[in-house]
Number of protein chains: 2
Amino acid sequence: MKQRAGDAGANAREAILAAARKAAQAHGYGGLNIRALADGVGIKGASIYYHFPSKADLGAAVARRYWEDSAADLDALWGETSDPLRCLHDYPDVFRKSLESENRLCLCSFMAAEYDDLPDVVKREVQAFADVHVAWLSKMLFASSVVSAGESGQRARSIYAAVAGAQLMARSRSDIALYDALIDGYRAAGLLPTLQRTLPEPGVDH
Amino acid sequence: MKQRAGDAGANAREAILAAARKAAQAHGYGGLNIRALADGVGIKGASIYYHFPSKADLGAAVARRYWEDSAADLDALWGETSDPLRCLHDYPDVFRKSLESENRLCLCSFMAAEYDDLPDVVKREVQAFADVHVAWLSKMLFASSVVSAGESGQRARSIYAAVAGAQLMARSRSDIALYDALIDGYRAAGLLPTLQRTLPEPGVDH
DNA sequence: ACCTGAACACCGTTCAAGT
DNA sequence: ACCTGAACACCGTTCAAGT
């Protein structure tokens, strides 16, 4: 019964991580309030420091868990269908879900804005998130041959930045329909591929 | 000598606005520190409240001045050349300049992230900025006939969101070359028009 | 007209102390 | 092992007071 990891004692840590993630997606790293966070978990502010030595370490742990979960989600999407065009089509849904969850932003987009004020340990995790997404997009672009091999990296970065920008703009109007319209605009302009191979006339239902 | 607006007394107000703008582009509305701001202007924190009744009013005044200045810049660009394709080509330079200025973000992108915590008076000015940019882009797209008349609004919004996203991603790596690469990626994908009419082979210098 | 010091409640953080 | 109250310096804000 001694020295067991992941037991009852770890629940508080996990609860803090989950609550901190939701708070940071709404208010950012700077807006993350330790006392309010502790309140939501049912402990006192000072107790947070038993689980995390500093706000910087908490922020880094939240951001790391965030990109780890995101990487797992993307891999699951790819594992389900093995259809890279389908994956590229569904990719914007990942960012849509944050908006659906009380108009929240991607944690790492918020932290990208706050970059100057971020502790170094947090900065590293924010960049890892973008790296994971760009690598996955690049793989999908290559597998679906929508761009030539040498261009998949550049296109992947452009798609990532554009989708993050769409989420940011939609948040500032609390308007998910705007997000959908922006993504459609990317498809119409050719930044994002379409599922069917670019038929000039869409058919009946339009 | 009485009741004259824009005299010596207004200098403090202007100095506060200028300093607050630079600070907010680096740290956001939440990260705007009244005492530090006053320090930069050479007065005490309490004196800020003589010129602005609250932080919310200061934030709104800063954001309003920001989009007013930006609108004037865009109109000047259009007035100089009267070439809509040239204007669309130069548009990303507007966002590039913020990055050149100590890796700063567009004030309204930062505030878009902070949207949930923004006072209503500030929210309104943040939206006005996006409105101004989308309207200008829409006008340029229509004038240059790069998209059909009905699509210029959608394309304008997509371009704005994508450029803002590129700036956000570049900031998170303090990398202006990445910003340029993202913009080039938008051009290669067809989101942004190119100056010369899409020649398949670029020629000698590449 | 413009600025200030002192005070308020609130923040991140520490630490000695509880169980 | 896990949590707490009290304290620290710092925040936005107010206000009576200075010139």
Side-chain angles (χ1 to χ4, degrees), chain A residues 1-21 23-24 26-63 111 114 116-122, chain B residues 1-21 23-24 26-63 111 114 116-122:
Chain A
M1 285 298 182
K2 288 178 191 172
Q3 307 277 59
R4 285 267 301 287
D7 249 349
N11 287 342
R13 193 174 195 278
E14 288 301 314
I16 292 167
L17 277 176
R21 171 185 157 159
H27 312 295
Y29 176 79
L32 211 169
N33 182 322
I34 298 287
R35 281 191 175 91
L37 176 65
D39 228 53
V41 179
I43 56 179
K44 298 294 172 184
S47 304
I48 299 288
Y49 291 83
Y50 174 75
H51 299 281
F52 300 94
S54 69
K55 188 181 178 182
D57 289 286
L58 171 60
V62 169
M111 289 183 164
E114 294 176 297
D116 275 11
D117 299 326
L118 248 35
D120 284 344
V121 279
V122 183
Chain B
M1 284 297 182
K2 292 177 189 170
Q3 308 276 59
R4 285 264 303 285
D7 248 347
N11 287 343
R13 193 175 195 278
E14 289 301 315
I16 292 166
L17 277 176
R21 170 185 156 160
H27 313 294
Y29 176 80
L32 211 169
N33 182 323
I34 298 286
R35 282 188 174 92
L37 175 65
D39 228 55
V41 180
I43 56 178
K44 298 294 173 185
S47 304
I48 298 288
Y49 291 84
Y50 175 75
H51 299 281
F52 301 93
S54 69
K55 187 180 179 183
D57 289 286
L58 171 60
V62 169
M111 288 183 165
E114 293 175 297
D116 276 11
D117 298 325
L118 249 34
D120 284 344
V121 278
V122 183

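Labels below follow one simple rule: chain letters A, B, ... track the order of the sequence lines, proteins then strands, and each chain is numbered from 1.
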Take the protein atom CZ of A/Phe52 and the nucleotide atom P of D/dA1, then report the distance between them rounded to whole Å.
-> 17 Å
Any idea which of D/dG12, C/dG5, D/dG5 is nearest the B/Ala46 side chain?
-> C/dG5
Once you round it to whole Å, what is the distance between P of D/dC3 and CD1 of A/Ile34?
-> 15 Å
A/Tyr50 OH to C/dT19 C1': how many Å, rounded?
-> 13 Å
Residue pair A/Tyr29 / A/Pro119: nearest heavy atoms and the distance that separates them = OH-CG, 3.5 Å
Roughly how many Å is it from CD1 in A/Ile16 to P in C/dG12, rounded to a whole number?
-> 14 Å
State whether B/Ser47 places a side-chain N or O below 4.0 Å from either non-bridging phosphate oxygen (OP1 or OP2) of C/dT4.
-> yes
5'-most contact on DNA chain D (nearest-nucleotide basis), A/Ile43 vs B/Gly45, goes to A/Ile43
Separation of A/Tyr49 atom OH from D/dA6 atom P, in whole Å?
-> 19 Å
Hey, does B/Leu32 reach any base, or is it just sugar-phosphate, or nothing, if we go heavy atoms under 4.0 Å?
-> sugar-phosphate
Give a yes or no on whether the backbone of B/Gly28 and the side-chain of B/Glu114 come within a donor-acceptor separation of less than 3.5 Å.
-> no
Would you say the side chain of B/Val62 lies within less than 4.5 Å of the side chain of B/Leu58, judging by non-hydrogen atoms?
-> yes
In whole angstroms, the gap separating P of C/dC10 from CG of A/Asp39 amounts to 13 Å
For DNA chain D, whose closest nucleotide is more 5', that of A/Lys44 or that of B/Asn33?
-> A/Lys44
Between atom CG in A/Asp57 and atom C1' in C/dT14, what is the gap in whole Å?
-> 15 Å
Taking atom P of D/dT4 as reference, at what distance in whole Å does atom CD1 of A/Ile48 sit?
-> 10 Å
Who does D/dA7 pair with, Watson-Crick or G-U, both distances under 3.5 Å?
-> C/dT13
Watson-Crick or G-U wobble partner of C/dA1, both distances under 3.5 Å = D/dT19
Hey, does the side chain of B/His51 come within less than 4.0 Å of C/dC3's phosphate (OP1/OP2), counting only N and O?
-> yes
Answer yes or no: is there a side-chain heavy-atom contact under 4.5 Å between B/Ile34 and B/Phe52?
-> no
Is there side-chain contact between B/Asn33 and B/Asp39, with at least one heavy-atom pair below 4.5 Å?
-> no
